[in-house]
Amino acid sequence: MAKRWNNTLTEADVTPYATYLNRRQLMAGAAGLGLTSLAGPLAAGDLDPNSWEEITSYNNFYEFGTNKGDPARYAGRMTTEPWSVTIDGLVDRPGTYDFRDIMAAMTVEERIYRLRCVEAWSMVVPWNGFELADLLAMAGVQDGARYVAFETLLRPDEMPGVSRPVIEWPYVEGLRLDEALHPLTIMATGLYGKPIPNQNGAPIRLVVPWKYGFKSIKSVVRISLVKDQPPTSWNKYSAREYGFYSNVNPHVDHPRWSQASERRIGGGLLARREPTLMFNGYEAEVAALYEGMDLAKYH
Ligand SMILES: Nc1nc2c(c(=O)[nH]1)N[C@H]1C(S)=C(S)[C@@H](COP(=O)(O)O)O[C@H]1N2
Ligand SMILES: [Mo]
C-alpha cells in the first residue's frame with residue numbers, strides 16, 4: 001500500500017531509545033495494527049512518480065563513474081548475491097546478517113518519496129522497503145548509541161569509478177540516532193515492486209527523504225551504532241559545502257548555487273523550476289527533530 005506522507009506524525013521527537021520502543025509497543029498494542037500504525041492516515045497524494053526509465057537511467061553512484069549515465073552502464077558488474085550487512089558497534093546482537101535473512105524478518109511496504117539532489121534536480125520515487133528502526137530493533141540498540149554510521153560496498157574490480165579518488169572510498173554516511181529511528185527513514189530494497197536495480201543501490205540502500213540525496217547511501221554493507229558523530233564522505237570532501245545534517249533547506253544556499261528551487265527530472269526542457277520545500281516537503285513530520293537548532297550553522 002502506498003504511503004504518501006503528510007503532516008500527521010506527532011511522534012517524531014523520540015530521542016531515548018527505550019522511550020521510543022515503549023511508545024511503539026504501546027501504539028502497536030493499542031491499535032492492533034502492528035508498527036506501521038505510526039504512519040497515520042494516508043494523505044491525498046500529489047506525488048506523481050517518475051518513470052522506471054527516468055529513475056534507473058539518471059543516477060549518481062560515483063563508484064561507477066561521475067556521469068549520470070555511468071551507473072546504468074556499469075553497475076551491472078556489481079555482484080549482489082550473496083550479500084550481507086554487518087551490524088556492529090553498540091548493539092546487543094552484532095553480526096553479519098545475510099540479506100535473505102534480513103528480508104525474511106522485515107515487512108516490506110511501498111513508500112512514494114520525493115528525492116532532492118543537492119545538485120538541484122529532483123524526482124519522485126516509489127520505493128519498496130522497511131523502516132530502518134525495525135532493522136535496528138533486530139540488532140538491539142544499546143543505550144550509549146547516539147549515531148548510526150553506514151558504509152557502501154568497496155569492490156574495485158567491479159567498480160570502475162573507484163580508481164579515481166573523487167571522494168575517499170568507501171562511501172560512508174551517517175545519521176543521528178533519532179533521525180535513523182524516524183519512521184520516514186527506510187532501507188529500500190525495491191523500486192516499482194521489483195528488486196532495486198544495481199544503479200539505484202542494490203540490494204539494499206538507505207533512503208532519508210528530507211535530506212539531500214547524497215545522505216541516502218547505496219549498496220550498504222555495514223551499519224554501525226556509535227557514540228560520536230561519524231565521518232561522512234561529502235563532508236570530508238568539503239565541510240563548508242556539505243554539512244553532516246544536509247537537510248533540504250531552500251533558505252540555506254550551497255556556497256556555489258541556490259537551493260531555492262529545483263528541476264524535476266522528466267519535466268522536459270521547457271518545464272518551470274519548482275520551489276524547493278523545507279525538509280523536502282516533510283517539515284511537519286521531521287521539524288521537531290531539529291527544534292532549537294540553528295539550521296544554517298548545522299546545515
Ligand atoms: N554509495 C553511494 N551512494 C550514493 C551515491 C554515490 O555516489 N555512492 N550518490 C548519492 C547521491 S548524490 C544521490 S542524489 C542519490 C541518487 O540516488 P538514485 O540514483 O537512486 O536516484 O544516491 C546517493 N547515494
Ligand atoms: Mo545527489
message = Within 45 degrees of the ring normal and closer than 6.0 Å to the centroid, is that where the cationic atom of K215 sits relative to F244?
response = yes
* Is there a side chain to side chain contact (heavy atoms under 4.5 Å, CB included) between Y290 and L295 once you walk through the steps? -> CA-CA 8 Å; Y290 310 103; L295 295 178; 3.8 Å; yes
Run the ring-centre check on [X] versus [Y] and record whether the distance is less than 6.0 Å.
| X | Y | value |
| --- | --- | --- |
| Y113 | W210 | no |
| Y242 | H254 | yes |
| Y74 | F61 | no |
| W121 | Y58 | yes |

message: Counting only heavy atoms from other residues, nucleotides and ligands, does the tally under 6.0 Å from CD of E274 exceed 12?
response: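 Correct, the count exceeds 12.
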Compare every heavy atom of [Y] with every heavy atom of [X], then report the nearest pair and how far apart it is.
| X | Y | answer |
| --- | --- | --- |
| N60 | C117 | ND2-SG, 3.7 Å |
| K68 | P71 | O-CD, 3.6 Å |
| T107 | F130 | O-CB, 3.5 Å |
| A149 | P230 | CB-CB, 3.7 Å |
| S57 | A72 | CA-CB, 4.3 Å |
| A202 | M78 | O-CE, 3.7 Å |

*Have D92 and Q142 got a donor and an acceptor in their side chains that come within less than 3.5 Å?*
yes
*Does a donor on one side chain sit under 3.5 Å from an acceptor on the other, for T96 and S84?*
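Checked: T96/S84 side chains show no N/O donor-acceptor pair below 3.5 Å.
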Does [X] pair with [Y] as a salt bridge, N-O distance under 4.0 Å?
| X | Y | answer |
| --- | --- | --- |
| E262 | R273 | no |
| E63 | R77 | no |
| R111 | E131 | yes |

Here the side-chain hydrogen bond (donor to acceptor under 3.5 Å, both in side chains) pairs for residues 144-156, sequence neighbours left out, are R155-E158
Nearest 0.5 angstrom please: [X] [atom1] to [Y] [atom2], how far?
| X | Y | atom1 | atom2 | value |
| --- | --- | --- | --- | --- |
| H299 | S246 | NE2 | OG | 7.5 Å |
| L191 | W127 | CG | CH2 | 6.0 Å |
| Y171 | L153 | OH | CG | 14.5 Å |
| T189 | M103 | OG1 | CE | 3.5 Å |
| L225 | L177 | CG | CG | 6.5 Å |
| I186 | I204 | CD1 | CD1 | 10.0 Å |

Do the non-hydrogen side-chain atoms of [X] and [Y] ever get within less than 4.5 Å of each other?
| X | Y | result |
| --- | --- | --- |
| N59 | N200 | yes |
| Q259 | T276 | no |
| E173 | V220 | no |

Worked check of side chain to side chain contact (heavy atoms under 4.5 Å, CB included) between L277 and E283: CA-CA 8 Å; L277 303 172; E283 181 171 17; over 6 Å; no
Start with the C-alpha gap between Q229 and R176, add the side-chain angles, then the distance that decides, and say whether side-chain hydrogen bond (donor to acceptor under 3.5 Å, both in side chains) holds. CA-CA 7 Å; Q229 184 177 301; R176 219 171 53 192; over 6 Å; no
Exercise for the section: Quick one: do R114 and S122 satisfy side-chain hydrogen bond (donor to acceptor under 3.5 Å, both in side chains)? Show the steps, please. Expected result: CA-CA 7 Å; R114 295 185 191 83; S122 65; over 6 Å; no
Check: Passes side-chain hydrogen bond (donor to acceptor under 3.5 Å, both in side chains), Y97 versus W83? Steps please.
Finding: CA-CA 9 Å; Y97 292 86; W83 192 275; over 6 Å; no
Evaluate side-chain hydrogen bond (donor to acceptor under 3.5 Å, both in side chains) for D88 paired with S224, printing each intermediate quantity in order.
CA-CA 5 Å; D88 61 9; S224 308; 2.6 Å; yes
Only residue of V207, L136, L206 satisfying side-chain contact (heavy atoms from CB on, under 4.5 Å) with M187 is L206
Q | Cluster overlap V172 with L135, hydrophobic side-chain contacts below 4.5 Å | A |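 Each belongs to a different hydrophobic cluster.
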